[in-house]
Trainee: 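Got a structure for you, written out below as structure tokens; questions coming shortly.
What you are looking at is a predicted structure, and each value in this text was computed from that prediction instead of being measured.
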Amino acid sequence: MSANSADGTALVEVVLVKGGRTKIRYRGELTGDDGDRVTVRAPWAGAGVRDFGFVRFEPGDVFTEYYWRNRWYAVKEVRAADGGVKGWYCDITRPAAVSGTELVVEDLDLDLWRSADGGDVRRLDEEEFAGSGLAERDPRAAAAALAALDELEALARGDGFGALLA
């Protein structure tokens, strides 16, 4: 997978789908693809500042995003404009699909946050997931999503994501 720009940088279009519709689409620099894991570096793609209360994503932040073709999550290292690590935001998703220069992931509503120091690990959007109807529509996917969240939480509460992202 590669799309070369005029300066030789490989670019990819990340497409996040939620509920069958494109939630966000943005360009990033493809920094790795080993056939299983795809790594993308991209600036914060949201409009303005997104304040979660426990972390703020804002213009100047840089995300190094790790997607897997065989795992039910994506892990995103978040750095401030000055290079300092804010933490890791993890999306529970179906395995990533790559088509040409597009990387498509389906968001399954569950998320996990781990602060840079590891002192704050939190599961997010569990009510949204419960209300999504996924457990009724696709019980296998719902079970895989919950197992992925448990796996990520165990990593986050342990030594972090170092071994996973190495």
Side-chain angles (χ1 to χ4, degrees), residues 1-18 22-52 54-125 145 148-149 151-166:
M1 160 185 202
S2 77
N4 294 321
S5 69
D7 67 2
T9 302
L11 299 176
V12 64
E13 188 90 9
V14 178
V15 182
L16 182 63
V17 176
K18 189 169 181 175
T22 299
K23 179 178 176 182
I24 191 168
R25 171 186 294 267
Y26 57 92
R27 285 211 132 155
E29 177 187 352
L30 178 67
T31 60
D33 184 351
D34 65 7
D36 178 31
R37 186 179 77 189
V38 179
T39 307
V40 175
R41 186 173 38 246
W44 163 241
V49 173
R50 175 101 188 259
D51 190 341
F52 290 93
F54 52 88
V55 67
R56 288 170 48 103
F57 296 161
E58 50 203 338
D61 287 352
V62 176
F63 288 63
T64 301
E65 306 175 354
Y66 302 88
Y67 301 93
W68 286 265
R69 290 177 174 93
N70 64 352
R71 295 182 188 220
W72 287 72
Y73 51 77
V75 176
K76 301 170 182 181
E77 179 189 72
V78 184
R79 290 185 177 266
D82 67 5
V85 176
K86 289 184 173 185
W88 292 265
Y89 194 90
C90 306
D91 288 316
I92 303 304
T93 67
R94 289 185 189 270
V98 177
S99 177
T101 61
E102 279 191 343
L103 185 145
V104 180
V105 289
E106 182 182 348
D107 187 336
L108 298 177
D109 296 316
L110 292 169
D111 302 295
L112 182 97
W113 169 254
R114 181 187 192 269
S115 62
D117 67 3
D120 182 10
V121 174
R122 59 179 73 205
R123 295 165 77 114
L124 305 168
D125 303 327
L149 183 62
E151 177 185 343
L152 286 173
E153 183 177 15
L155 289 169
R157 292 191 185 283
D159 292 334
F161 304 113
L164 179 66
L165 305 181

Trainee: Using the rule side chain to side chain contact (heavy atoms under 4.5 Å, CB included), only one of V38, V40, T39 pairs with T31; which is it?
Mentor: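 Only one option passes, and that is T39.
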Trainee: Please name the pair of heavy atoms, one in W72 and one in A145, separated by the smallest distance, quoted to 0.1 Å.
Mentor: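 Distance-wise, the nearest heavy atoms are CE3-N, 4.5 Å.
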Trainee: So, the side chain of R157 versus the backbone of V121: is there a donor-acceptor pair under 3.5 Å, distance only?
Mentor: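 Side chain of R157 to backbone of V121: a pair is present.
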Trainee: How far does CG of L152 sit from CZ of R123, to the nearest 0.5 angstrom?
Mentor: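 If I round to the nearest 0.5 Å, the distance is 9.5 Å.
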Trainee: Give me the one residue out of L112, D125, D111 that meets side chain to side chain contact (heavy atoms under 4.5 Å, CB included) with L149.
Mentor: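 Of all the options given, the one that passes is L112.
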Trainee: In the structure I gave you, are the side-chain heavy atoms of Y66 and F161 within less than 4.5 Å of one another anywhere?
Mentor: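 Not in contact.
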Trainee: Any chance you could measure R114, atom CZ, to W88, atom CH2, to the nearest 0.5 Å?
Mentor: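 The distance works out to 5.5 Å.
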Trainee: Should the pair W44 and F63 be assigned to parallel (<30°), tilted (30 to 60°) or perpendicular (>60°) ring geometry?
Mentor: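 If you compare the ring of W44 with that of F63, the planes turn out parallel.
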Trainee: Show me, pair by pair, the donor-acceptor contacts under 3.5 angstrom made by side chains of residues 74-83, not counting sequence neighbours?
Mentor:
{"residue": "K76", "atom": "NZ", "partner": "D91", "partner atom": "OD2", "Å": "2.7"}
{"residue": "E77", "atom": "OE1", "partner": "R79", "partner atom": "NE", "Å": "3.1"}
{"residue": "R79", "atom": "NH1", "partner": "G83", "partner atom": "O", "Å": "2.6"}
{"residue": "D82", "atom": "OD1", "partner": "G84", "partner atom": "N", "Å": "2.9"}

Trainee: List the atom of A42, the atom of G28, and the distance in Å for their closest heavy-atom pair.
Mentor: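 For A42 versus G28, the nearest heavy atoms are CB-CA, 3.9 Å.
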Trainee: I need the minimum non-hydrogen distance between G48 and P59, along with the two atoms involved.
Mentor: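 Smallest interatomic distance, heavy atoms only, reads O-CD, 3.6 Å.
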Trainee: Looking only at heavy atoms, what is the nearest atom pair of G119 and S115, with distance?
Mentor: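 Looks like N-OG, 3.3 Å.
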Trainee: Take V14 and Y67 through the side-chain contact (heavy atoms from CB on, under 4.5 Å) test and state the conclusion after the steps.
Mentor: CA-CA 10 Å; V14 178; Y67 301 93; 3.6 Å; yes
Trainee: Atom CZ in R94, atom CG in D107: separation rounded to 0.5 Å?
Mentor: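 One gets 11.5 Å once the value is rounded to the nearest 0.5 Å.
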Trainee: With salt bridge (charged side-chain N to carboxylate O under 4.0 Å, His left out) as the rule and sequence neighbours excluded, what pairs involving residues 34-46 come up?
Mentor: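 Non-adjacent pairs meeting salt bridge (charged side-chain N to carboxylate O under 4.0 Å, His left out): E29-R41.
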Trainee: Quick check for you: to the nearest 0.5 Å, what is the distance between K86 atom NZ and F57 atom CZ?
Mentor: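 These two atoms lie 7.5 Å from each other.
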Trainee: What's the spacing between L124 CG and D109 CG if we round to 0.5 Å?
Mentor: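 Going from CG on L124 over to CG on D109, the span is 12.0 Å.
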Trainee: List in chain and number order the residues that pass side-chain contact (heavy atoms from CB on, under 4.5 Å) with A116, two or more places apart in sequence or in another chain; answer none if no residue qualifies.
Mentor: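 Result, side-chain contact (heavy atoms from CB on, under 4.5 Å) vs A116: V85.
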Trainee: Go through it in stages, so that I can follow the logic: the residues are F52 and Y89, the test is side-chain contact (heavy atoms from CB on, under 4.5 Å), and I'd like the CA-CA distance, side-chain angles, deciding distance and then a yes or no.
Mentor: CA-CA 11 Å; F52 290 93; Y89 194 90; 4.2 Å; yes
Trainee: With rounding to the nearest 0.5 angstrom, report the CH2 to CG distance, W68 to L164.
Mentor: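 CG of L164 is found 4.0 Å from CH2 of W68.
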Trainee: Can you tell me if CG on D159 sees more than 12 non-hydrogen neighbours from other groups inside 6.0 Å?
Mentor: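 Counting neighbours around CG of D159, 12 or fewer heavy atoms of other residues, nucleotides or ligands fall under 6.0 Å, so no.
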